[in-house]
Amino acid sequence: MPKSVKDYLPTEFWLMKSEPDAFSIDDLIRMKSEHWDGVRNYQARNLMRDQMKVGHRVLFYHSSTAVPGVVGTATVVKEAIPDHTAWDRKSKYFDAKSDPENPTWWMVTLGKAKKFKNIVTLADIKEHPRLREMLVAQKGQRLSIQPVLADDFSEIVSLGR
DNA sequence: GCCAACGTTGGC
DNA sequence: GCCAACGTTGGC
């Protein structure tokens, strides 16, 4: 039975995808904290703006790479604020339709990143009897910010560290 | 690089 | 409101 985002809400646990060439967990560790700019999908926007709160835990996922998977954890350290890259004409995330008076795009800030000893790969997740129910393991699920069950968060952390 | 799956856009 | 065309995501 395919599951959808709402089956996992409300939650305090998340998975956030990033292409490591653009922004990796090492970048976040080095920078201490950073805002999650560039999300241009309404469902992901809604989750960040309306659901993610300070203290929520995040699985940091590397996508579009040789071995996609969860590479560590982070914590939401600041709730969503308007994504200023939307009105920066020089940014690749520029969006002429986003009005600074009524922002379309929002971003949370992550910090407290910790890298796993072992990547928990997408293949690992798909093979695991329970984790294979995670949204990230489902065919065609492209959402870059996904809610996660508390038990699945714990299981991934125990596999990774 | 391929391509399936999905989201968005725009004509009607 | 429908849906075809297009663009993007992201695994493989």
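Every chain is numbered from 1 and lettered A, B, ... according to where its sequence line falls, protein lines coming before strand lines.
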Please give, in whole Å, the distance from [N] [atom2] to [X] [atom1]?
X	N	atom1	atom2	result
Q146(A)	dG10(C)	CD	C1'	12 Å
R142(A)	dG7(B)	CZ	C1'	6 Å
N41(A)	dG10(C)	CG	C1'	14 Å
M16(A)	dG10(C)	CE	P	13 Å
D124(A)	dG11(C)	CG	C1'	15 Å
R45(A)	dG7(B)	CZ	P	15 Å
W105(A)	dG7(B)	CH2	C1'	11 Å
Q141(A)	dG10(C)	CD	C1'	12 Å

Out of [options], whichever nucleotide has its closest atom nearest the side chain of [X]:
X	options	result
Y61(A)	dA5(B), dG10(C), dG11(C)	dG11(C)
K139(A)	dT9(B), dG10(C), dA5(B)	dA5(B)
Q43(A)	dT9(B), dG7(B), dG10(C)	dG7(B)
S63(A)	dT9(B), dG7(B), dG10(C)	dG10(C)

Problem - Polar contact flag, side-chain donor to acceptor under 3.5 angstrom, R57(A)-S154(A) - result: no
Exercise for the section: Name all residues meeting the ring-ring contact (aromatic ring centres under 6.0 Å, His included) criterion together with W105(A); count only those two or more places apart in sequence or in a different chain, and write none if there are none. Expected result: Y42(A)
Ignoring backbone atoms, test whether [X] places a side-chain nitrogen or oxygen under 4.0 Å from the OP1 or OP2 oxygen of [N].
X	N	result
Y42(A)	dT9(B)	no
K17(A)	dG10(C)	yes
K126(A)	dC12(C)	yes

Exercise for the section: Give a yes or no on whether a salt bridge exists between R45(A) and D83(A), defined as a side-chain N under 4.0 angstrom from a carboxylate O. Expected result: no
Handout entry: Close side-chain approach of Y61(A) to Q146(A), heavy-atom, < 4.5 Å
Key = no
Exercise for the section: May I ask you to decide if the ring planes of F153(A) and F13(A) are parallel, tilted or perpendicular, using 30° and 60° as cut-offs? Expected result: tilted
